[in-house]
Amino acid sequence: MNASHKPNVLNLAAIEGELTTRYLGRPKSGANELSESIASTNSRALELAKSGAASGTMILARQQTAGRGRLGRSWVSPLDSGIYASFILRPPSNLVAIERMTLYTLAAGVACVKAIGECLSVPIGLKWVNDLVIDGKKVGGILAEMPSLTVKGALDDLKADDLAIVLGIGINICFQPNEIPDELKPKIDWLEMHTESVVDKNKLLATCAKSIEECCEAIEQAQDQKLLAEWKQYSVTLGKQIRAVSGDTVIEGQAEDITDSGALIVRKSDGHKTILYAGEISIRQADGSYV
Ligand code: BTN
């Protein structure tokens with residue numbers, strides 16, 4: 001890496017120089033984007049995906065002013081405090097039917113945990129479905145979205161190859177405590193709280209890209225069970241007592257397993273099983289509280 005690149009500031013040339021991927025982050029020259037500030041890298045990637053951007057295109061930002069999280073939440077994205085990245089993928093339709101697209105979100109979670117574990121010595125794990133957590137606190141998350149399709153002709157004309165998925169990755173690296181809203185302070189952390197030295201964002205991002213590509217290849221090679229086994233290996237949810245709240249409904253029970261599409265199988269105290277397909281869970285702590 002060129003010595004003029006600061007490891008703590010995202011730099012496109014530095015990232016592209018570190019990449020060891022086959023296609024991720026390697027569209028035609030000039031197609032990847034890094035903005036100093038953008039509303040949301042996912043929104044930009046969705047827009048580009050709709051207008052035909054190539055598979056592998058990488059959209060990055062040093063800051064997001066309207067970063068988006070799951071469940072309609074916002075994603076706190078101060079300047080140079082994290083990695084804010086979105087990748088456009090176009091899964092080959094002959095290899096991945098639309099019903100299996102949900103596996104990409106699991107793949108991205110597994111991939112980021114593996115990449116963080118490769119670059120840093122931190123006890124990172126996955127909280128269902130895709131929260132990157134250390135000691136119960138969230139340090140990152142994945143937002144997988146598909147562009148709404150603008151179909152010019154009849155729906156039947158839509159080719160499966162037009163389908164795209166955007167994988168948005170947010171990793172908290174080096175926040176100042178005053179950058180975090182008070183209500184989030186008990187829930188979120190950043191990687192440098194757990195490391196002795198500065199995290200090289202460019203190296204970490206390139207490692208994530210390689211890992212995402214490999215995990216997505218498992219889907220394309222029908223190795224879903226391998227991917228699910230890896231998710232279970234990194235899970236901090238399975239075997240725990242969990243609580244899920246949806247409107248007026250509260251579900252509590254033991255997180256037993258995940259289905260082949262990544263839904264959470266919960267055994268309630270009355271012995272019945274229920275399956276959670278989406279939403280957010282809290283995990284019961286030793287003191288009986290749910291975090
Ligand atoms: C979550 O809620 O856990 C998902 C957070 C995903 C945040 C990332 S940051 C880069 C990309 N752009 C966005 O607006 N969101 C995702």
Side-chain angles (χ1 to χ4, degrees), residues 38-47 49 59 61 64-78 81-87 99 101-113 124-134 136-148 164-172 175 179-190 212 231 234-238 240-253 255 258-259 261-266 274-285 289-291:
I38 198 170
S40 153
T41 57
N42 257 38
S43 300
R44 173 71 182 145
L46 287 168
E47 191 182 293
I59 309 300
Q64 295 184 118
T65 53
R68 295 185 290 109
R70 288 175 61 238
L71 309 170
R73 296 182 179 145
S74 56
W75 188 256
V76 181
S77 315
S81 300
I83 286 177
Y84 319 119
S86 301
F87 296 95
E99 303 76 49
M101 294 286 247
T102 53
L103 291 172
Y104 280 86
T105 174
L106 288 188
V110 170
C112 289
V113 165
I124 185 95
L126 273 174
K127 179 179 162 217
W128 186 82
V129 55
N130 248 336
D131 288 355
L132 311 175
V133 294
I134 297 180
K137 289 194 161 191
K138 183 157 170 169
V139 295
I142 315 294
L143 179 65
E145 297 182 294
M146 290 173 75
S148 55
I165 185 161
V166 167
L167 292 179
I169 317 292
I171 305 177
N172 306 338
F175 276 43
E179 291 174 327
I180 303 172
D182 283 347
E183 68 278 12
L184 291 180
K185 283 194 171 122
K187 295 185 176 178
I188 72 172
D189 252 0
W190 50 96
I212 292 170
W231 189 92
Y234 296 117
S235 163
V236 298
T237 300
L238 297 185
K240 301 274 173 52
Q241 283 296 122
I242 65 101
R243 175 186 285 167
V245 182
S246 168
D248 291 342
T249 313
V250 179
I251 292 170
E252 285 184 2
I258 52 169
T259 67
S261 61
L264 187 65
I265 304 172
V266 179
T274 187
I275 297 184
L276 301 179
Y277 292 94
E280 191 184 35
I281 56 158
S282 314
I283 298 179
R284 194 166 77 189
Q285 308 300 298
S289 65
Y290 282 85
V291 175

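Considering OG of Ser74 and CD of Gln64, their distance stands at 10.5 Å, rounded to 0.5 Å. Annotation: the span from Ile171 atom CD1 to Trp190 atom CH2 amounts to 16.0 Å, rounded to 0.5 Å. Taking CD of Glu145 as the reference point, atom CG of Leu46 lies at 5.0 Å (rounded to 0.5 Å). Between atom CG of residue Asp131 and atom NZ of residue Lys137 there is a gap of 14.0 Å, rounded to the nearest 0.5 Å.
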* Criterion side-chain contact (heavy atoms from CB on, under 4.5 Å) on Thr65 and Ile38, from CA distance to verdict -> CA-CA 6 Å; Thr65 53; Ile38 198 170; over 6 Å; no

* Asked: Where do Trp128 and Ile242 land on the side-chain contact (heavy atoms from CB on, under 4.5 Å) test, with the steps shown first?
  -> CA-CA 10 Å; Trp128 186 82; Ile242 65 101; over 6 Å; no

* Asked: What's the verdict on side-chain contact (heavy atoms from CB on, under 4.5 Å) for Val133 and Asp189, showing C-alpha distance, side-chain angles and the deciding distance?
  -> CA-CA 8 Å; Val133 294; Asp189 252 0; over 6 Å; no

* Asked: Passes side-chain contact (heavy atoms from CB on, under 4.5 Å), Val129 versus Leu264? Steps please.
  -> CA-CA 8 Å; Val129 55; Leu264 187 65; over 6 Å; no

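Residues forming a side-chain contact (heavy atoms from CB on, under 4.5 Å) with Ser43 (at least two apart in sequence, or on another chain): Ser40, Arg68. In this structure Arg284 satisfies the side chain to side chain donor-acceptor pair (under 3.5 Å) test with no other residue, sequence neighbours excluded. By the salt bridge (charged side-chain N to carboxylate O under 4.0 Å, His left out) test, Asp182 pairs with Lys185, sequence neighbours left out. Take Ala108 and apply the side-chain contact (heavy atoms from CB on, under 4.5 Å) test, not counting sequence neighbours, and it matches Ile142, Leu167, Ile169. For Lys240, the salt bridge (charged side-chain N to carboxylate O under 4.0 Å, His left out) test picks out no residue, with sequence neighbours left out. For Arg70, there are no side chain to side chain donor-acceptor pair (under 3.5 Å) partners two or more places apart in sequence or in a different chain. Residues passing the side chain to side chain donor-acceptor pair (under 3.5 Å) test with Ser81 are Glu179, sequence neighbours excluded. Partners of Pro186 according to the side-chain contact (heavy atoms from CB on, under 4.5 Å) rule, which considers only residues two or more places apart in sequence or in another chain, do not exist here. In this view, Thr249 and Ile251 satisfy the side-chain contact (heavy atoms from CB on, under 4.5 Å) rule, not counting sequence neighbours. Every side chain to side chain donor-acceptor pair (under 3.5 Å) that Glu252 has, sequence neighbours left out, goes to Arg243.
Judged by distance alone, with hydrogens and angles left aside, the side-chain atoms of Lys138 form no donor-acceptor pair with the main-chain N or O of Asn172 at under 3.5 Å. A donor-acceptor pair is defined here as one N or O able to donate and one able to accept, closer than 3.5 Å; such a pair exists between the side chain of Tyr84 and the backbone of Pro78. Looking only at distances, no side-chain donor or acceptor of Thr237 sits under 3.5 Å from a matching main-chain atom of Ser235. Between the Trp231 side chain and the Asn130 main chain, no donor and acceptor come within less than 3.5 Å of each other.
Minimum heavy-atom separation, Thr41 to Ala85: OG1-C, 3.9 Å. Between Ser86 and Gly168 the shortest heavy-atom distance is OG-CA, 3.9 Å. Here the closest non-hydrogen pair linking Ala45 and Val166 is CB-CG1, 3.8 Å. In plain terms, the two heavy atoms of Leu276 and Ala244 that are nearest each other are CD1-CB, 3.7 Å. Considering all non-hydrogen atoms of both residues, Gly125 and Val236 come closest at CA-CG1, 3.9 Å. The shortest heavy-atom contact between Leu143 and Gly69 is CD1-O, 3.9 Å.
Using a 4.5 Å heavy-atom threshold, the side chains of Ile281 and Val266 count as separate. Between Val76 and Phe175, the closest side-chain pair of non-hydrogen atoms falls below 4.5 Å.
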